[in-house]
Amino acid sequence: MAVEGGMKCVKFLVFIFNFIFWVCGVALIVIGIYAQVGLGQPLAVSSSSASSTPIAILVLGIIIFFISFFGCCGAWKESYCMVTTFAVLLSIIFLVEIAAAIAGYVFKDKVRSVLEDGLWNAVRTYGEDEALTEAMDELQRDFMCCGVNNYTDWSTVEAFRANSSVPRSCCRVNTTTCNVRPSPATVYEKGCLQSIEAVMKKNILIVAAVALGIAFFEILGIIFACCLMKGIRSGYEVM
């Protein structure tokens, strides 16, 4: 039996909100790609777990993208099973997001220390790990920074202390000796830790706003899905 009256309105609201969920899924996919491209190198030098964060966002976006399929089809076909599946999966996603937000707040102070430790590790092992070395070079070029706190951090590495130099990726001027006997006139003075923190603080409000918007629509989706489930089960007819 089909739904009628007020439930018919709920049916179309569920369908519309699932389109919004689809857009939210696409938004998360875009954010994941942006984070991977824009923050890939900082996360790569910080830790292996941090470098997987953009991938996790991307996967979450893909999951929401497909969950919206169940909601749209379930609402259109008035399938109790599909609408129930949609409501359950969306509830799980919402709870996971809440848990992630709580964990992020609790461990927010550790983010800086993890990032700092990762940067120091990249500095001390520079030249030993090719992938990490390339990541550090790209990071310094892209963020126009040098070292962890400033360019003098490279003097803690024997290879650079011996000839009073820094990696060429620190150079602000393109000369053959720009990295020898470095000074603020020839290399980037600011450290990468400060530069990365500035970028993260700049974008955190955008990420938070998107997350809150997605959570709001998820709650509405769950409520309307439950109402539609009740209507379908009651066996009303569409007008």
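What you are looking at is a predicted structure, and each value in this text was computed from that prediction instead of being measured.
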Assess whether side chain to side chain contact (heavy atoms under 4.5 Å, CB included) is satisfied between L119 and D153, documenting all intermediate values. CA-CA 11 Å; L119 287 170; D153 293 335; over 6 Å; no
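- Every residue two or more places apart in sequence or in another chain was checked for a ring-ring contact (aromatic ring centres under 6.0 Å, His included) with W120, and none qualifies.
- Applying the side chain to side chain donor-acceptor pair (under 3.5 Å) test to pairs two or more places apart or on separate chains, those with a residue in residues 160-170 are D137-S169, Q140-S169, E158-R161, N163-S165.
- Remark: V88 pairs with T84, I92 by the side chain to side chain contact (heavy atoms under 4.5 Å, CB included) rule, at least two apart or across chains.
- Residues meeting the side chain to side chain contact (heavy atoms under 4.5 Å, CB included) test with C226, sequence neighbours left out: I222.
- With sequence neighbours excluded, the residues satisfying side chain to side chain contact (heavy atoms under 4.5 Å, CB included) with F19 are W22, V23.
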Cut-off 3.5 Å, no hydrogens considered: what does the side-chain donor-acceptor table look like for residues 25-33, sequence neighbours left out?
none

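- Residue pairs meeting the salt bridge (Lys or Arg N to Asp or Glu O under 4.0 Å) criterion with at least one partner in residues 173-197, sequence neighbours excluded, are R112-E197.
- The side chain to side chain contact (heavy atoms under 4.5 Å, CB included) check on S155 picks up nothing, with sequence neighbours excluded.
- Partners of T156 according to the side chain to side chain donor-acceptor pair (under 3.5 Å) rule, which considers only residues two or more places apart in sequence or in another chain, do not exist here.
- In the hydrophobic clustering, V180 connects to no other residue, as no ILVMFWY side-chain heavy atoms lie under 4.5 Å from its own.
- Here Y188 pairs with nothing under the ring-ring contact (aromatic ring centres under 6.0 Å, His included) rule; sequence neighbours left out.
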Might you work through the disulfide bond (SG atoms under 2.5 Å apart) test for C146 and C192, ending with a clear yes or no? CA-CA 6 Å; C146 188; C192 293; over 6 Å; no
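- The ring-ring contact (aromatic ring centres under 6.0 Å, His included) check on Y151 picks up nothing, with sequence neighbours excluded.
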